[in-house]
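Here is the structure we will look at.
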Amino acid sequence: MIDRLPQAPHGATDTTGASVPARRYALVRALVAEIPAGRVASYGQIAAMLPGLTARQVGYALSGRRDPVPHALPWHRVVNARGAVSPHAGAADQRRRLEAEGIAFDRRDRLDWSRHRWAGPGHVWFIARGLAPDR
DNA sequence: CTGAAGGCCATCG
DNA sequence: ACGATGGCCTTCA
């Protein structure tokens with residue numbers, strides 16, 4: 001069955017009316033920071049919640065960064081659309097962390113979206129960030 | 001299943 | 001300060 005992306009503030013713009021320019025990576029991190037332990041989101045899901053972002057960019061946003069405080073950001077709670085940990089330098093660590101949070105992977109290395117998918121923050125989060133759900 | 005395209009910007013020297 | 005560099009996806013054929 002596979003998941004559906006949560007309905008996001010589709011087509012959101014910031015409160016000034018302009019489409020959100022280049023604070024995007026920061027927004028990605030801020031959003032990812034909201035994911036609670038035991039829940040996961042896909043790159044595409046995160047992207048769908050922010051205006052003008054693509055899944056790949058979300059991956060970019062979570063990569064180039066050098067963590068002053070390692071793992072201060074729960075980046076490990078973002079996986080690919082298949083529900084699997086994408087191959088990258090910290091993949092093994094990522095999977096280990098997810099399993100430590102009670103997330104299991106099947107034989108095809110995929111987790112169960114129906115059990116762990118994060119629904120996203122409430123719209124208040126977006127408002128607080130200067131983002132407005134479509135209207 | 002394989003492959004190819006799309007096309008950003010924070011970080012670092 | 002500035003240019004080069006790197007890098008965790010998704011969808012469609």
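To find a chain, count down the sequence lines: A is the first, B the second, and so on, and within it residues start at 1.
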Given the rule that a pair is Watson-Crick or G-U wobble with both distances under 3.5 Å, how would you write DNA chain B in dot-bracket, using | for pairs to a different strand?
-> .|||||.||||||

Checking side chain to side chain contact (heavy atoms under 4.5 Å, CB included) against I46(A), which of V28(A), L53(A), L62(A) comes through?
->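 Exactly one candidate clears the test, V28(A).
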
Sugar-phosphate, base or nothing in reach of A47(A), heavy atoms under 4.0 Å =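 Touches nothing.
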
Beyond-backbone contact of I103(A) with F105(A), side-chain heavy atoms, under 4.5 angstrom |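 Yes, side chains in contact.
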
So, Q45(A) side chain and G120(A) main chain: donor-acceptor pair closer than 3.5 Å or not?
->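 Such a contact is absent between Q45(A) side chain and G120(A) backbone.
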
Find the distance [X]:[atom1] to [N]:[atom2] and express it as a whole number of Å.
| X | N | atom1 | atom2 | value |
| --- | --- | --- | --- | --- |
| Q45(A) | dT11(C) | CD | P | 12 Å |
| L73(A) | dA10(B) | CG | P | 15 Å |
| R56(A) | dG7(C) | CZ | P | 13 Å |
| N80(A) | dG7(C) | CG | C1' | 15 Å |
| L53(A) | dG7(B) | CG | C1' | 13 Å |
| R29(A) | dG7(C) | CZ | P | 16 Å |
| H88(A) | dC9(C) | NE2 | C1' | 13 Å |
| Y60(A) | dA10(B) | OH | P | 14 Å |

Which pairs would a plain distance check flag for residues 30-40 of chain A, meaning a side-chain donor or acceptor within less than 3.5 Å of a matching protein atom at least two apart in sequence or in another chain?
from	atom 1	to	atom 2	distance (Å)
R39(A)	NH2	R115(A)	O	2.6

Is a donor-acceptor pair below 3.5 Å formed from side chain Y25(A) to base dC8(B), judging by atom type as modelled?
->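 Looking at the base of dC8(B), it does pair with a donor or acceptor on the side chain of Y25(A) (distance under 3.5 Å).
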
Look at R82(A) together with D109(A) and state whether they make a salt bridge at an N to O cut-off of under 4.0 Å.
->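 Between D109(A) and R82(A) there is no salt bridge, as every charged N stays at least 4.0 Å from the carboxylate O atoms.
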
Considering only atom P, compute the distance from dC1(B) to dT11(C) and round it to an integer number of Å.
->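 Pairwise P distance, dC1(B) against dT11(C), rounds to 16 Å.
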
Whole-angstrom distance between dA1(C) and dA10(B), as gauged at atom P |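 Per the computed distance, 15 Å lies between those P atoms.
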
Does the side chain of E101(A) pick up a donor-acceptor pair with the side chain of H116(A) at under 3.5 Å?
->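 E101(A) vs H116(A): no donor-acceptor pair found between side chains.
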
Without hydrogens or angle criteria, can the side chains of R56(A) and Y60(A) be said to hold a donor-acceptor pair below 3.5 Å?
->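 Indeed, the side chains of R56(A) and Y60(A) share at least one donor-acceptor pair under 3.5 Å.
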
